[in-house]
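Chain naming here is simple, since letters A, B, ... match the order of the sequence lines and numbering starts at 1 in each.
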Amino acid sequence: MPELPEVETVRRGLTQLVAGSQIKKVDVIYEKMINLPKKPFEDALREKTIEAVDRRGKYLFIRISGGLTIVSHLRMEGKYDVEPEGAPIGKHTHVIFHLADGRQLRYNDTRKFGRMNLVHTGDEMSVAGLRNIGPEPTERDLTVDYMQTIFAKSKKMIKPFLLDQSKIAGLGNIYADEVLWLSKIHPEQPVNLLTLDEIKRLRMNIITEIQKAIAGHGTTVHSYSNAYGEAGSFQNHLNVYGRTNKPCLRCGTPIVKIKLAQRGTHFCPQCQVIHGEENE
DNA sequence: TATTATTCCTGGGCGC
DNA sequence: TGCGCCCAGGAATAAT
(Lines give C-alpha, C1' and ligand atoms only; values in the text may rest on other atoms or scores of the structure.)
Protein backbone atom coordinates (compact mmCIF):
# COMPACT_ATOMS: atom_id res chain seq x y z
CA MET A 1 0.00 0.00 0.00
CA PRO A 2 1.70 3.13 -1.15
CA GLU A 3 2.63 5.59 1.55
CA LEU A 4 4.77 8.67 1.01
CA PRO A 5 8.04 6.81 0.29
CA GLU A 6 6.35 4.60 -2.31
CA VAL A 7 4.73 7.59 -3.96
CA GLU A 8 8.10 9.35 -4.06
CA THR A 9 9.59 6.24 -5.67
CA VAL A 10 6.84 6.27 -8.28
CA ARG A 11 7.44 9.98 -8.87
CA ARG A 12 11.10 9.36 -9.58
CA GLY A 13 10.30 6.41 -11.80
CA LEU A 14 7.76 8.36 -13.83
CA THR A 15 10.14 11.28 -14.14
CA GLN A 16 12.80 9.03 -15.66
CA LEU A 17 10.42 7.08 -17.85
CA VAL A 18 7.90 9.55 -19.24
CA ALA A 19 8.87 13.16 -18.45
CA GLY A 20 9.19 14.90 -21.81
CA SER A 21 6.99 12.37 -23.59
CA GLN A 22 4.15 13.47 -25.80
CA ILE A 23 0.67 12.09 -25.21
CA LYS A 24 -0.97 11.04 -28.47
CA LYS A 25 -4.30 10.21 -26.84
CA VAL A 26 -5.79 8.94 -23.62
CA ASP A 27 -8.28 6.11 -23.04
CA VAL A 28 -10.24 6.12 -19.83
CA ILE A 29 -11.62 2.63 -19.24
CA TYR A 30 -12.99 3.06 -15.71
CA GLU A 31 -14.73 6.40 -15.61
CA LYS A 32 -15.20 6.62 -11.84
CA MET A 33 -11.43 6.96 -11.57
CA ILE A 34 -11.46 10.52 -12.91
CA ASN A 35 -13.07 13.77 -11.79
CA LEU A 36 -14.43 14.76 -15.21
CA PRO A 37 -16.59 12.93 -17.71
CA LYS A 38 -14.52 10.65 -19.95
CA LYS A 39 -14.57 12.75 -23.11
CA PRO A 40 -13.47 16.15 -21.77
CA PHE A 41 -10.75 14.41 -19.73
CA GLU A 42 -9.42 12.60 -22.77
CA ASP A 43 -9.74 15.61 -25.06
CA ALA A 44 -7.90 17.93 -22.68
CA LEU A 45 -4.84 15.63 -22.67
CA ARG A 46 -4.70 14.82 -26.37
CA GLU A 47 -1.45 15.98 -28.05
CA LYS A 48 -0.09 17.38 -24.79
CA THR A 49 3.31 16.73 -23.23
CA ILE A 50 4.14 15.29 -19.81
CA GLU A 51 6.51 17.94 -18.53
CA ALA A 52 7.36 16.81 -15.00
CA VAL A 53 6.07 14.86 -12.04
CA ASP A 54 5.89 16.47 -8.60
CA ARG A 55 4.56 15.21 -5.29
CA ARG A 56 2.79 16.55 -2.21
CA GLY A 57 2.12 14.06 0.57
CA LYS A 58 0.81 10.94 -1.16
CA TYR A 59 -0.47 12.89 -4.16
CA LEU A 60 1.35 12.90 -7.49
CA PHE A 61 1.19 16.03 -9.63
CA ILE A 62 1.68 15.07 -13.25
CA ARG A 63 2.44 18.33 -15.01
CA ILE A 64 0.96 18.59 -18.49
CA SER A 65 1.77 21.23 -21.12
CA GLY A 66 -0.81 23.97 -21.49
CA GLY A 67 -1.06 24.63 -17.77
CA LEU A 68 -2.72 21.40 -16.68
CA THR A 69 -1.96 19.04 -13.82
CA ILE A 70 -3.23 15.53 -13.18
CA VAL A 71 -3.49 15.10 -9.42
CA SER A 72 -3.12 11.34 -9.02
CA HIS A 73 -3.64 9.40 -5.80
CA LEU A 74 -2.73 5.71 -5.82
CA ARG A 75 -4.68 4.88 -2.64
CA MET A 76 -4.25 1.19 -1.87
CA GLU A 77 -2.86 -0.57 -4.90
CA GLY A 78 -2.62 1.89 -7.72
CA LYS A 79 0.48 1.78 -9.88
CA TYR A 80 1.83 3.03 -13.15
CA ASP A 81 3.38 0.74 -15.70
CA VAL A 82 5.06 1.62 -18.96
CA GLU A 83 4.44 -0.97 -21.63
CA PRO A 84 4.85 -1.31 -25.38
CA GLU A 85 1.79 -0.63 -27.53
CA GLY A 86 0.89 -4.24 -28.23
CA ALA A 87 1.22 -5.61 -24.72
CA PRO A 88 -1.97 -7.31 -23.53
CA ILE A 89 -4.16 -5.08 -21.39
CA GLY A 90 -4.76 -6.39 -17.90
CA LYS A 91 -8.20 -6.45 -16.37
CA HIS A 92 -7.10 -3.90 -13.78
CA THR A 93 -5.93 -1.29 -16.28
CA HIS A 94 -8.19 1.73 -15.95
CA VAL A 95 -6.48 4.57 -17.81
CA ILE A 96 -4.10 4.34 -20.77
CA PHE A 97 -1.89 7.19 -21.96
CA HIS A 98 -0.81 6.46 -25.53
CA LEU A 99 2.58 8.08 -25.99
CA ALA A 100 3.84 9.37 -29.34
CA ASP A 101 6.92 7.11 -29.19
CA GLY A 102 4.77 3.96 -29.19
CA ARG A 103 4.91 3.24 -25.49
CA GLN A 104 1.88 3.34 -23.22
CA LEU A 105 1.70 4.64 -19.68
CA ARG A 106 -0.96 2.54 -17.98
CA TYR A 107 -2.64 3.12 -14.67
CA ASN A 108 -3.42 -0.21 -12.99
CA ASP A 109 -5.38 -0.55 -9.78
CA THR A 110 -6.83 -3.84 -8.50
CA ARG A 111 -9.18 -2.28 -6.03
CA LYS A 112 -10.16 0.76 -8.10
CA PHE A 113 -9.54 3.01 -5.13
CA GLY A 114 -7.16 5.40 -6.86
CA ARG A 115 -8.34 8.73 -8.23
CA MET A 116 -7.18 11.20 -10.90
CA ASN A 117 -8.21 14.82 -10.87
CA LEU A 118 -7.43 16.96 -13.89
CA VAL A 119 -7.05 20.58 -12.77
CA HIS A 120 -5.46 23.81 -13.94
CA THR A 121 -1.94 24.03 -12.57
CA GLY A 122 -2.16 26.16 -9.46
CA ASP A 123 -5.65 24.91 -8.64
CA GLU A 124 -4.43 21.74 -6.90
CA MET A 125 -6.15 22.97 -3.75
CA SER A 126 -9.49 22.31 -5.43
CA VAL A 127 -8.86 18.61 -4.78
CA ALA A 128 -10.52 17.88 -1.44
CA GLY A 129 -7.61 16.13 0.26
CA LEU A 130 -5.12 18.85 -0.62
CA ARG A 131 -7.07 21.76 0.76
CA ASN A 132 -6.01 21.19 4.35
CA ILE A 133 -2.98 18.96 3.91
CA GLY A 134 -0.40 19.11 6.68
CA PRO A 135 3.36 19.67 6.42
CA GLU A 136 5.69 17.19 4.74
CA PRO A 137 7.45 14.92 7.24
CA THR A 138 10.83 16.57 6.80
CA GLU A 139 13.33 18.21 9.13
CA ARG A 140 12.48 21.59 7.62
CA ASP A 141 8.67 21.45 7.43
CA LEU A 142 7.72 19.36 10.45
CA THR A 143 8.93 21.52 13.32
CA VAL A 144 8.81 20.74 17.02
CA ASP A 145 6.82 23.94 17.56
CA TYR A 146 4.18 22.88 15.05
CA MET A 147 3.84 19.43 16.56
CA GLN A 148 3.57 20.81 20.09
CA THR A 149 0.85 23.20 18.97
CA ILE A 150 -1.35 20.67 17.17
CA PHE A 151 -0.83 17.97 19.79
CA ALA A 152 -1.88 20.31 22.60
CA LYS A 153 -5.18 21.03 20.83
CA SER A 154 -6.50 17.49 20.54
CA LYS A 155 -7.39 14.62 22.81
CA LYS A 156 -7.44 12.14 19.97
CA MET A 157 -5.45 8.93 20.16
CA ILE A 158 -2.03 9.26 18.56
CA LYS A 159 -2.47 6.44 16.00
CA PRO A 160 -5.52 7.85 14.19
CA PHE A 161 -4.02 11.30 14.63
CA LEU A 162 -0.93 10.29 12.66
CA LEU A 163 -3.11 8.95 9.86
CA ASP A 164 -4.87 12.31 9.53
CA GLN A 165 -3.25 13.89 6.48
CA SER A 166 -4.32 17.37 7.56
CA LYS A 167 -2.01 17.08 10.55
CA ILE A 168 1.07 15.52 8.91
CA ALA A 169 1.22 14.55 5.24
CA GLY A 170 2.30 11.15 4.03
CA LEU A 171 2.04 8.69 6.91
CA GLY A 172 -0.03 5.57 6.34
CA ASN A 173 -0.99 2.62 8.49
CA ILE A 174 2.35 0.82 8.26
CA TYR A 175 4.59 3.76 9.09
CA ALA A 176 2.26 4.95 11.84
CA ASP A 177 2.69 1.63 13.65
CA GLU A 178 6.42 1.63 12.98
CA VAL A 179 7.17 5.13 14.26
CA LEU A 180 5.06 4.59 17.38
CA TRP A 181 6.95 1.39 18.16
CA LEU A 182 10.29 3.10 17.55
CA SER A 183 9.22 5.98 19.79
CA LYS A 184 7.83 3.67 22.51
CA ILE A 185 4.46 5.39 22.43
CA HIS A 186 1.18 3.50 22.87
CA PRO A 187 -1.16 3.90 19.86
CA GLU A 188 -4.07 4.85 22.14
CA GLN A 189 -2.12 7.55 23.95
CA PRO A 190 -4.04 10.86 23.85
CA VAL A 191 -1.87 13.33 21.95
CA ASN A 192 -2.34 16.19 24.40
CA LEU A 193 -0.73 14.09 27.12
CA LEU A 194 2.49 13.36 25.21
CA THR A 195 5.59 14.78 26.85
CA LEU A 196 7.87 17.14 24.97
CA ASP A 197 10.48 14.42 24.98
CA GLU A 198 8.06 11.99 23.36
CA ILE A 199 7.06 14.56 20.74
CA LYS A 200 10.70 15.15 19.83
CA ARG A 201 11.39 11.42 19.68
CA LEU A 202 8.33 10.81 17.53
CA ARG A 203 9.26 13.65 15.20
CA MET A 204 12.78 12.35 14.62
CA ASN A 205 11.53 8.83 14.04
CA ILE A 206 8.95 10.02 11.52
CA ILE A 207 11.52 12.04 9.62
CA THR A 208 14.28 9.43 9.60
CA GLU A 209 11.97 6.49 8.91
CA ILE A 210 10.45 8.17 5.87
CA GLN A 211 13.92 9.08 4.62
CA LYS A 212 15.17 5.53 5.09
CA ALA A 213 12.15 4.13 3.30
CA ILE A 214 12.64 6.46 0.34
CA ALA A 215 16.26 5.34 0.16
CA GLY A 216 15.05 1.73 0.20
CA HIS A 217 12.53 2.41 -2.61
CA GLY A 218 9.46 2.00 -0.46
CA THR A 219 7.67 -0.79 1.29
CA THR A 220 6.15 -3.66 -0.60
CA VAL A 221 3.06 -5.31 0.78
CA HIS A 222 0.57 -7.20 -1.33
CA SER A 223 0.80 -6.30 -4.99
CA TYR A 224 2.53 -2.96 -4.81
CA SER A 225 5.46 -2.27 -7.10
CA ASN A 226 6.98 0.97 -8.33
CA ALA A 227 6.83 2.50 -11.79
CA TYR A 228 9.74 0.35 -12.91
CA GLY A 229 7.94 -2.76 -11.83
CA GLU A 230 10.56 -3.33 -9.16
CA ALA A 231 9.48 -4.41 -5.73
CA GLY A 232 10.49 -2.26 -2.80
CA SER A 233 12.89 -3.59 -0.22
CA PHE A 234 11.67 -1.83 2.92
CA GLN A 235 9.51 -4.71 4.10
CA ASN A 236 12.65 -6.30 5.48
CA HIS A 237 12.94 -3.47 7.94
CA LEU A 238 9.46 -3.61 9.47
CA ASN A 239 9.72 -3.93 13.23
CA VAL A 240 6.11 -4.29 14.30
CA TYR A 241 3.64 -4.05 11.41
CA GLY A 242 2.26 -7.49 10.55
CA ARG A 243 4.18 -9.17 13.40
CA THR A 244 1.13 -10.15 15.48
CA ASN A 245 2.04 -12.65 18.25
CA LYS A 246 5.69 -12.58 17.24
CA PRO A 247 8.23 -11.44 19.84
CA CYS A 248 8.92 -7.72 20.13
CA LEU A 249 12.39 -7.11 18.71
CA ARG A 250 13.29 -5.09 21.80
CA CYS A 251 11.88 -7.05 24.72
CA GLY A 252 10.47 -10.33 23.38
CA THR A 253 6.90 -9.68 24.48
CA PRO A 254 4.40 -10.89 21.86
CA ILE A 255 3.18 -8.10 19.57
CA VAL A 256 -0.51 -7.34 20.03
CA LYS A 257 -2.90 -6.41 17.23
CA ILE A 258 -5.95 -4.29 17.94
CA LYS A 259 -8.34 -2.27 15.82
CA LEU A 260 -8.27 1.52 16.14
CA ALA A 261 -10.47 3.73 14.01
CA GLN A 262 -11.14 0.76 11.69
CA ARG A 263 -7.41 0.22 11.17
CA GLY A 264 -5.28 -2.73 12.15
CA THR A 265 -2.81 -1.52 14.78
CA HIS A 266 0.26 -3.41 16.01
CA PHE A 267 2.20 -2.59 19.16
CA CYS A 268 4.23 -4.03 22.01
CA PRO A 269 2.23 -3.95 25.27
CA GLN A 270 5.48 -3.95 27.26
CA CYS A 271 7.42 -1.17 25.48
CA GLN A 272 4.45 1.02 24.58
CA VAL A 273 2.40 2.03 27.60
CA ILE A 274 -0.34 4.65 27.96
CA HIS A 275 0.39 7.32 30.53
CA GLY A 276 -1.14 10.51 31.89
CA GLU A 277 0.43 13.85 32.60
CA GLU A 278 1.45 12.82 36.12
CA ASN A 279 3.98 10.34 34.71
CA GLU A 280 6.21 12.94 33.09
C1' DT B 1 -16.37 22.40 15.21
C1' DA B 2 -14.37 18.03 16.23
C1' DT B 3 -14.61 13.40 15.93
C1' DT B 4 -16.34 8.99 14.35
C1' DA B 5 -18.67 5.83 11.10
C1' DT B 6 -19.59 4.48 6.50
C1' DT B 7 -18.43 3.80 1.88
C1' DC B 8 -15.85 2.45 -2.09
C1' DC B 9 -13.44 -2.22 -4.29
C1' DT B 10 -11.41 -6.87 -5.10
C1' DG B 11 -8.05 -10.58 -4.16
C1' DG B 12 -6.81 -13.68 -0.87
C1' DG B 13 -7.49 -16.61 2.96
C1' DC B 14 -10.46 -19.37 5.55
C1' DG B 15 -14.06 -22.94 6.83
C1' DC B 16 -17.02 -26.28 5.21
C1' DT C 1 -13.25 -27.99 -6.17
C1' DG C 2 -16.01 -24.34 -5.13
C1' DC C 3 -18.93 -21.56 -2.54
C1' DG C 4 -19.79 -18.00 0.89
C1' DC C 5 -17.88 -15.16 4.12
C1' DC C 6 -14.67 -11.88 6.10
C1' DC C 7 -10.62 -8.97 6.01
C1' DA C 8 -7.29 -5.44 4.32
C1' DG C 9 -7.17 -0.03 4.00
C1' DG C 10 -6.83 6.00 2.27
C1' DA C 11 -9.62 9.34 2.33
C1' DA C 12 -14.18 11.48 0.79
C1' DT C 13 -18.43 11.88 2.65
C1' DA C 14 -22.12 11.43 5.92
C1' DA C 15 -23.52 11.29 10.48
C1' DT C 16 -23.18 12.36 15.31
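Mapping Tyr59(A) and Thr265(A) onto DNA chain C via the closest heavy atom, the residue that lands nearer the 5' end is Thr265(A).
For Arg55(A), the salt bridge (charged side-chain N to carboxylate O under 4.0 Å, His left out) test picks out Glu8(A), Glu136(A), with sequence neighbours left out.
Within 4.0 Å of Tyr30(A), counting heavy atoms only, lie sugar-phosphate atoms of the nucleic acid but no base atom. Counting non-hydrogen atoms under 4.0 angstrom, Gln262(A) reaches a base of the nucleic acid. Backbone-only engagement by Lys259(A) is indicated by non-hydrogen atom pairs under 4.0 Å involving sugar-phosphate atoms exclusively.
Contact check, Lys159(A) against dG9(C): no side-chain N or O comes under 4.0 Å of OP1 or OP2. Residue His73(A) places at least one side-chain N or O closer than 4.0 Å to OP1 or OP2 of dA11(C). Put simply, Tyr175(A) has no side-chain N or O that comes within less than 4.0 Å of OP1 or OP2 on dG10(C).
For the residue pair Arg131(A) / Ser126(A), no side-chain donor-acceptor distance below 3.5 Å is found, with atom types taken as modelled.
Rounding to whole angstrom units, CD of residue Glu6(A) and C1' of dG10(C) are separated by 13 Å. If you take CE of Met76(A) and P of dG10(C), they are 5 Å apart, rounded to a whole angstrom. Atom pair Asp164(A):CG and dG9(C):P shows a separation of 17 Å (rounding to whole Å applied). Rounded to whole angstrom, the span from the CZ atom of Arg115(A) across to the P atom of dA11(C) amounts to 12 Å. In this structure, Asp177(A) atom CG and dA8(C) atom P are separated by 12 Å, rounded to whole Å. Separating the CG atom of Leu74(A) from the P atom of dG10(C) is a distance of 12 Å, rounded to the nearest angstrom. Distance Asp109(A) CG to dG10(C) C1': 11 Å, rounded to the nearest Å. Spacing between atom CD1 of Ile258(A) and atom P of dG9(C) amounts to 13 Å, rounded to whole angstrom units.
Between Asp197(A) and Lys200(A) no salt bridge is recorded (no basic side-chain N to carboxylate O distance below 4.0 Å). A salt bridge between Arg63(A) and Asp54(A) is present, with a side-chain N of the basic residue lying under 4.0 Å from a carboxylate O of the acidic one. Lys112(A) has no carboxylate O lying under 4.0 Å from a charged side-chain N of Asp109(A), or vice versa, which leaves the two without a salt bridge.
Ring-plane geometry between His94(A) and Tyr107(A) is classed as tilted, the angle between the planes lying from 30 to 60 degrees on a 0 to 90 degree scale.
By the neighbour-count criterion of 12 heavy atoms within 6.0 Å, atom NZ of Lys38(A) is densely surrounded, having more than that number from other residues, nucleotides or ligands.
At least one side-chain heavy atom of Ile206(A) sits under 4.5 Å from a side-chain heavy atom of Leu162(A).
A distance of 11.5 Å separates CD1 in Ile174(A) from CD in Glu209(A), rounded to the nearest 0.5 Å.
Once you apply a 4.0 Å limit to the heavy atoms of chain A, the touched nucleotides of DNA chain B run 5' to 3' over dT3(B) to dG11(B).
For a distance-only test at 3.5 Å, the side chain of Arg263(A) qualifies as a donor-acceptor partner of the base of dG10(C).
For the helix from dA2(B)-dT16(C) to dC16(B)-dG2(C), the rotation axes defined at the first and last 5 base pairs enclose an angle of 50°, given to the nearest 10°.
For the pair Arg250(A) and Trp181(A), the cation-pi test (distance below 6.0 Å, angle within 45°) is passed.
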